[in-house]
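In this text, all values refer to a predicted model and were calculated from it rather than measured experimentally.
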Amino acid sequence: MPSSSGQRTAATPRVCQWVNQGDALKHFVCYDGPTQSQQHIKPLHWYVACRLVLEGGFHPDEVKPRPPFTVSRRRDQHLLHFDQGAATGGEATVLGGLKTKNVDVVISKDGLGPVLAVSCKGMTGAFRNLTNRMEETIGECTNLHITYPALVFGYLFVIRTNEAGDGVAAAHRHPSQGPVRPVGPNDVAVTESRRPVEPIVRFHTALGALTGRDGIREDASRYEAIALALIETHSGAIGRPMSEFPPLNSPLRLEHFFETLYRRYDERYVYSAPDLKSRTRRLEWSPDSTALKSDASMNLEYEIRRAGDQTRS
């Protein structure tokens, strides 16, 4: 797993690790290396991939990057096991209507192709340039929906809550990294009154118009689900999503993201295609699964999809 100490390290794994949301977001906040390498956001890819297996019920063989799990069968039960040796890294290359595209996390099924995908983006500064991301955001979605109209596509965008006069994640910097660099004016995300700066507010509004694609005949430039989260950088809350923004009534709240993806997937690939149900329905993990008894499973902020759970619809 990547270190959440804020130390720059060359030992970041190249394959998917079992990480929870807190560890993935702490790494994003504290990482001090070049962002062009994507190492600041890789653990978030791993978190999404693992969650799609544990909570979503997708077989790890269908997910790329492949999470560190294997599945065995015992009668009519599916048992999930942790196996770091089974994990892979990298991104999936998906055929788009305009060009091929490397996508951060993709679930593919034999005979159907990619059925669910998540693009993860992170921004650590220069927030006045956020609007420049919109062309890329719209283009990526349109490109893939042209070829795969039924693809359930999610967009997860995280931003550091840099505050004026504060260093990024100062409490977690190691002395060997030198003094904390103050946040520059163009890198401030949150004002002293705990309000997002205007470029972030405008970005939220723009993203709100691009989410909520319910049916395959709707606008190809809209995502099925989008989440925007501002990640805390101050001591005592490092790695937590900011609770005040987006507003509670916003469709971009992180807590709605995964449930929306699952709902759209079930509507398109399970309920609307009963003849394919044996191939497309999401799995339920046996309570006897060794992965469900590990310490790592106790530190998750979501519920694992367990067989026999009467509270799940």
Side-chain angles (χ1 to χ4, degrees), residues 16 38 41-42 44-53 55-67 88-121 133-157 206-228 251-252 256-283 305:
C16 187
Q38 294 294 301
I41 201 75
K42 282 294 183 183
L44 190 60
H45 300 177
W46 303 338
Y47 163 72
V48 170
C50 290
R51 184 165 178 170
L52 291 175
V53 172
E55 180 190 52
F58 293 99
H59 198 293
D61 287 349
E62 300 171 339
V63 185
K64 187 166 185 179
R66 192 191 190 286
T88 66
E91 303 169 332
T93 302
V94 180
L95 176 65
L98 305 174
K99 63 178 182 178
T100 58
K101 175 66 177 177
N102 290 334
V103 185
D104 299 320
V105 183
V106 177
I107 297 173
S108 299
K109 288 187 174 287
D110 289 341
L112 297 175
V115 295
L116 190 152
V118 177
S119 179
C120 302
K121 307 296 182 186
R133 292 290 188 111
M134 293 307 300
E135 183 177 359
E136 171 192 340
T137 301
I138 296 170
E140 180 179 29
C141 185
T142 305
N143 180 39
L144 297 188
H145 275 151
I146 289 174
T147 303
Y148 298 102
L151 174 69
V152 178
F153 200 9
Y155 186 68
L156 176 54
F157 202 102
L207 288 181
L210 294 179
T211 192
R213 183 175 182 261
D214 294 334
I216 63 175
R217 287 177 292 277
E218 293 186 11
D219 190 350
S221 65
R222 292 172 65 191
Y223 290 81
E224 278 64 24
I226 295 178
L228 175 65
L252 308 186
H256 305 318
F257 183 69
F258 288 92
E259 65 179 82
T260 302
L261 294 178
Y262 302 145
R263 187 182 308 117
R264 295 288 91 82
Y265 173 84
D266 287 343
E267 289 170 354
R268 295 179 194 178
Y269 292 98
V270 183
Y271 306 143
S272 297
D275 292 344
L276 296 175
K277 189 175 182 179
S278 62
R279 193 190 321 173
T280 58
R281 64 185 173 191
R282 296 185 287 132
L283 303 177
R305 186 176 172 87

**OP:** Using the test side chain to side chain donor-acceptor pair (under 3.5 Å), find all partners of Thr93 that sit at least two apart in sequence or belong to another chain.
**Re:** Asn102
Subject >> Heavy-atom closest contact (Gly96 atom, Leu144 atom, distance) >> reply: CA-CD2, 4.1 Å
**OP:** Start with the C-alpha distance between Ser119 and Glu140, add both sets of side-chain angles, then the distance that settles side-chain hydrogen bond (donor to acceptor under 3.5 Å, both in side chains), and finish with yes or no.
**Re:** CA-CA 9 Å; Ser119 179; Glu140 180 179 29; 3.2 Å; yes
Subject >> salt bridge (charged side-chain N to carboxylate O under 4.0 Å, His left out) partners of Lys101, counting only residues at least two apart >> reply: none
Subject >> Distance in Å, Leu52 CG paired with His59 NE2, rounded so as to fall on 0.5 Å steps >> reply: 14.5 Å
Subject >> Sequence-distant partners of Tyr262, side chain to side chain donor-acceptor pair (under 3.5 Å), two or more places apart >> reply: Glu55
**OP:** Considering non-hydrogen atoms only, spot the tightest contact between Ala49 and Val63 and give its length.
**Re:** CB-CG1, 3.9 Å
Subject >> Set of residues satisfying side chain to side chain contact (heavy atoms under 4.5 Å, CB included) with respect to Pro149, sequence neighbours excluded >> reply: Arg213, Ile216
**OP:** Report yes if the side chains of Leu210 and Cys141 come closer than 4.5 Å at any heavy-atom pair, otherwise no.
**Re:** no
Original post:
Considering residues at least two apart in sequence or located in another chain, which fulfil the side chain to side chain contact (heavy atoms under 4.5 Å, CB included) criterion with Ala227?
Top reply: Leu156, Leu254, Phe257
Subject >> Exercise: identify the closest heavy-atom pair between Leu95 and Tyr148 >> reply: O-CE1, 3.4 Å
**OP:** Give a yes or no answer on whether the side chain of Arg305 reaches the backbone of Leu283 with a donor-acceptor pair at less than 3.5 Å.
**Re:** yes
Original post:
Just how far is it from atom SG of Cys16 to atom NZ of Lys64, taken to the nearest 0.5 Å?
Top reply: 12.0 Å
Subject >> Residues in ring-ring contact (aromatic ring centres under 6.0 Å, His included) contact with Tyr223, at least two apart in sequence or another chain >> reply: Phe153, Tyr155
Subject >> Distance-minimising heavy-atom pair for Val53 and Pro67 >> reply: CG2-CG, 3.7 Å
Original post:
For Thr142, does its backbone N or O pair with a side-chain atom of Ser221 as donor and acceptor, under 3.5 Å?
Top reply: no
**OP:** Answer yes or no: is there a donor N or O on one side and an acceptor on the other, between the side chain of Asp104 and the main chain of Cys120, under 3.5 Å?
**Re:** yes
**OP:** Report the residues that fulfil side chain to side chain donor-acceptor pair (under 3.5 Å) with Glu259, sequence neighbours left out, ordered by chain and then residue number.
**Re:** Arg263
Subject >> Distance in Å, Phe157 CZ paired with Ile226 CD1, rounded so as to fall on 0.5 Å steps >> reply: 11.0 Å
Original post:
Quick one: are Thr100 and Val94 in side-chain contact, heavy atoms under 4.5 Å?
Top reply: no
Original post:
What is the distance from atom CD1 of Ile107 to atom CG of Leu151, rounded to the nearest 0.5 Å?
Top reply: 10.0 Å
Original post:
What's the spacing between Asn143 CG and Leu98 CG if we round to 0.5 Å?
Top reply: 4.5 Å
Original post:
Are the side chains of Glu62 and Ser108 in touch, meaning some heavy atoms are under 4.5 Å apart?
Top reply: no
Original post:
Between atom CG of Leu252 and atom CG of Leu207, what is the distance when rounded to the nearest 0.5 Å?
Top reply: 6.0 Å
Original post:
With sequence neighbours excluded, what pairs up with Glu218 under the salt bridge (charged side-chain N to carboxylate O under 4.0 Å, His left out) test?
Top reply: Arg222
Original post:
Excluding sequence neighbours, so at least two apart, what forms side chain to side chain contact (heavy atoms under 4.5 Å, CB included) with Leu112?
Top reply: Lys109, Val115, Tyr269, Leu276, Arg279, Thr280
**OP:** Quick one: list whatever passes salt bridge (charged side-chain N to carboxylate O under 4.0 Å, His left out) with Asp214, sequence neighbours left out.
**Re:** Arg264
Subject >> Partners passing side chain to side chain donor-acceptor pair (under 3.5 Å) against Arg268 (at least two apart in sequence or in another chain) >> reply: Glu224
Original post:
What salt bridge (Lys or Arg N to Asp or Glu O under 4.0 Å) pairs are there with at least one residue in residues 142-152, not counting sequence neighbours?
Top reply: none
